[in-house]
Participant: 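Have a look at the structure that comes next, please.
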There are 2 protein chains.
Amino acid sequence: MQTKKRRITQRGTESQTPRRARRSTGITTLMDVARIARVSPITASRALNTPGKVASETLARVREAVTQTGYVPNMLAGGLASSRSRLVAAVVPIIAGSVFLDMMQSLTDTLAAAGYQLMLGQSGYDIAREDALIDAIIGRRPDGIVITGVMHSAYARKRLAASGIPVVETWDLTHSPIDMLVGFSHEKTGVAVARFLHGRGSRRPAIISADDPRARRRVRAYVKAARKLAGMEEAIVEWVPSPTTLKQGRYGMARILGKHPDIDSIFCSSDLLALGVLTEALARGIDVPGRIAVVGFGDLAFAAEVHPPLTTVRIDGARIGREAAHFIVQRAQGKPVADRILDIGYSIVERASA
Amino acid sequence: MQTKKRRITQRGTESQTPRRARRSTGITTLMDVARIARVSPITASRALNTPGKVASETLARVREAVTQTGYVPNMLAGGLASSRSRLVAAVVPIIAGSVFLDMMQSLTDTLAAAGYQLMLGQSGYDIAREDALIDAIIGRRPDGIVITGVMHSAYARKRLAASGIPVVETWDLTHSPIDMLVGFSHEKTGVAVARFLHGRGSRRPAIISADDPRARRRVRAYVKAARKLAGMEEAIVEWVPSPTTLKQGRYGMARILGKHPDIDSIFCSSDLLALGVLTEALARGIDVPGRIAVVGFGDLAFAAEVHPPLTTVRIDGARIGREAAHFIVQRAQGKPVADRILDIGYSIVERASA
DNA sequence: GTGAAAGCGCTAACAG
DNA sequence: CTGTTAGCGCTTTCAC
């Protein structure tokens, strides 16, 4: 073997055997495959990525070489060369016990079907960590970023906008998204529930809500709408910390009953809270919906099967995931997205609890 | 500007202006930062990665240039050059409603703290998809792979072993892991629950279990252990499909009661199933634990707060995630892991339901 | 403490 | 349909 090529050094030093800068990792590369298939590396690359552009006989030789060597393409190298990483990042506030699971599920599935992988990040409740997370994500040069919940940090929003990476914000509605948006109106939801409970005869309403920005907006809209409804008293509001749990629902219910034993309905900012309310009612022998009507939020899998079945606001999380994935795949294929804002709405699922 | 360098072509063609092969992406690179800071790219790199090896005055100049430009390192390029991607892949059977959420949470947190990102993959229930997933993951050259549940496919196991990537299998115990392991014994768990319920006076036991391999082993161990316990009748087993839901718990309970109304205990393969059992019992006016004792599995957040509080098998999912992350970070730092198998055990949390 | 050179493994851009 | 060339943006190796 001979040294294949040599550079001319700026200063015309005498020819030395150029040192080897680095040893290869030893793993099969596309060059190995190409050598075995007796084609050039680029042809091997085409055989794998755009098989239609390669003669079938060549294709067969390359495929043979791939199976023979157990070659797995290095997507770091591919991504660097093509500036398409086929990676999509998702940011969730928290993973455990989150209402975003259905969305993550469908996002992962939809993206996998299109050849993309999902990277997961937790923004948590700390702005500094959120900023660090966004930089870490941008550093991976993903082909898209899906943000669930709200991206609070102005710094992060600026970085995202500057990165040029397609961004989909979800689970909310605004007229000025960073880029694209799949969500619904929390205000409309709050108003709808107030009217629904009023229609069911509630006059002394209470609310147990997580203290997060979107739930807060639902509550505000509910309270405001309730004031305009005939005979409706001012809604009692009990705040609980995020993330919501069954436990918080029980405690919240207990606290409300302690102060206002005569309430006749409770709107909970999550189904888990509502389940806690049902549990506390059961433990105290309070009839639901007879004495108190209960409405949840989310329509999680268990909502239909608890006792009594839970009336709740249904949000199609799986659809949010699918649509967000579609947005990003569209963009990655260079197709501009016409409508950047998609309102998937909500619905109230009437069951026995209200 | 002048062409900086030129290669000597094999055949000595006359000097032509070499065409520009590709345009840069236009984003700030380390070279831009280096130019502004008036240092070489490698010094800029060192300033960011090993600041201790750079003079403080140089460091300041580089940092200034970074903030000025908004530079974000391209980790695809860095990973390719260093063959350390700082990416860890996690494989879960499904995301939604999974018992692995606590683990994913702590895995994400622990890894993020060490500077790693998590990539998520769903193996689902289809072997072909599982194989494709493993190849997609290996293609990213992650610094580690955490597998939750069981990796069924022999093909995938072979590929993983051949890839040289550190692998941590979790939630189970075997003497022949692919690489490393953090889990517990499902057999011991099953035996322990059988003994526990026997000690609580159960003689006509029933089981509602998901039809997945690990749950099946718990059931088998339970049934076998029960046969040896004085006065214990053969356990009635009702299988339900994975993933388990509250609904399955209700239906399973209903089916068992239809055939064997005199059972006095039910062991459920998940807390969600157990909650379904409690719900069905409530709907039918059956006293728990008076007439039927109920034991769950998992000790999810809600277990302590349902009515009655659920006796259940506690598995420290968060710890599994932490330990798995530690294993991988250790390996990534070149430190060999002494004990590749970690049994984190289980415990029975005694509450009112049994 | 700093730098020049040489790749990591792949694909875009042309040319034939 | 196939090949040559030149990078993508970073870090390793070796030298000073």
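This one's a predicted model, so the numbers in the text were calculated from it and none came from an experiment. Per chain, numbering begins at 1; letters A, B, ... match sequence-line order.
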Participant: Kindly compute the distance separating NZ (B/Lys335) from NE2 (B/His326), expressed to the nearest 0.5 Å.
Facilitator: 11.5 Å

Participant: Taking only side-chain N and O atoms of A/Thr58, does any of them lie within less than 4.0 angstrom of OP1 or OP2 on D/dT2?
Facilitator: yes

Participant: If I take atom CG in residue B/Asp32 and atom P in nucleotide D/dC10, what distance separates them, rounded to the nearest angstrom?
Facilitator: 9 Å

Participant: Angle between the end axes of the helix from C/dG1-D/dC16 to C/dG16-D/dC1, five pairs per end, to the nearest 10 degrees?
Facilitator: 20°

Participant: Can you list everything that forms a side chain to side chain donor-acceptor pair (under 3.5 Å) with A/Thr58? Sequence neighbours excluded, please.
Facilitator: none

Participant: On DNA chain C, does the nearest nucleotide to A/Ile42 precede the nearest nucleotide to B/Thr43 from the 5' side, or the other way round? Give the residue.
Facilitator: B/Thr43

Participant: In whole angstrom, give the distance that lies between atom CZ of B/Arg46 and atom C1' of C/dG1.
Facilitator: 8 Å

Participant: Send over the distance from B/Arg35 CZ to C/dG3 C1', rounded to a whole Å.
Facilitator: 16 Å

Participant: OP1 or OP2 of C/dC8 sitting under 4.0 Å from any side-chain N/O of A/Thr29?
Facilitator: no

Participant: What about B/Arg141: does its side chain form a donor-acceptor pair under 3.5 Å with the base of C/dG9?
Facilitator: no

Participant: Starting from C1' on D/dC1, measure out to CD on A/Glu57 and report it in whole angstrom.
Facilitator: 12 Å

Participant: Taking CG from A/Leu30 and C1' from C/dG9, how many angstroms apart are they, rounded to a whole number?
Facilitator: 8 Å

Participant: Applying salt bridge (charged side-chain N to carboxylate O under 4.0 Å, His left out), can you list everything that pairs with B/Arg63, at least two apart in sequence or on another chain?
Facilitator: none

Participant: Just the rounded figure in Å: distance from P of D/dC8 to CZ of A/Arg86.
Facilitator: 22 Å

Participant: Which residues satisfy the salt bridge (charged side-chain N to carboxylate O under 4.0 Å, His left out) test with B/Arg84, sequence neighbours excluded?
Facilitator: none

Participant: Just jot down the side chain to side chain donor-acceptor pair (under 3.5 Å) partners of A/Arg38, sequence neighbours excluded, or say none.
Facilitator: none

Participant: Choosing from D/dG3, D/dT2, C/dG9, which nucleotide comes nearest the side chain of A/Val39?
Facilitator: D/dG3

Participant: Look only at the side chain of A/Thr110 and the backbone of A/Arg322, and say whether a donor-acceptor pair between them is shorter than 3.5 Å.
Facilitator: no

Participant: Using the salt bridge (charged side-chain N to carboxylate O under 4.0 Å, His left out) criterion, which residues pair with A/Arg129? Sequence neighbours excluded.
Facilitator: B/Asp109

Participant: If you round to the nearest 0.5 Å, how far is CD1 of B/Ile36 from CE of B/Met31?
Facilitator: 12.5 Å

Participant: Could you state the CZ-P distance from B/Arg38 to C/dG1, rounded to the nearest angstrom?
Facilitator: 20 Å

Participant: Side chain of A/Ala55: nearest nucleotide among C/dT2, D/dC1, C/dG9?
Facilitator: D/dC1

Participant: Is the phosphate of C/dC8 approached by B/Ser83 (side-chain N or O, under 4.0 Å from OP1 or OP2)?
Facilitator: no

Participant: Just N and O in the side chain of A/Ser40: are any of them under 4.0 Å from OP1 or OP2 of D/dG3?
Facilitator: yes

Participant: Please list every donor-acceptor pair under 3.5 Å in which a side-chain atom of residues 153-160 of chain A meets a protein atom from a residue at least two apart or in another chain.
Facilitator:
unit_1	atom_1	unit_2	atom_2	d
A/Ser153	OG	A/Asp131	OD1	2.5
A/Ser153	OG	A/Tyr155	N	3.2
A/Ser153	OG	A/Ala156	N	2.9
A/Tyr155	OH	A/Asp135	OD2	2.8
A/Tyr155	OH	A/Arg159	NE	3.3
A/Tyr155	OH	A/Arg159	NH2	3.2
A/Arg157	NH1	A/Glu169	OE2	3.2
A/Arg159	NE	A/Asp135	OD1	3.0
A/Arg159	NH2	A/Asp135	OD1	3.2
A/Arg159	NH2	A/Asp135	OD2	3.4

Participant: Report the distance from atom CZ of A/Arg140 to atom C1' of D/dC10, rounded to the nearest whole Å.
Facilitator: 14 Å

Participant: Do any of residues 59-76 of chain A sit with a heavy atom less than 4.0 Å from DNA chain C, and if so which?
Facilitator: A/Tyr71, A/Pro73, A/Asn74

Participant: Salt bridge (charged side-chain N to carboxylate O under 4.0 Å, His left out) with A/Asp143: which residues, sequence neighbours excluded?
Facilitator: none

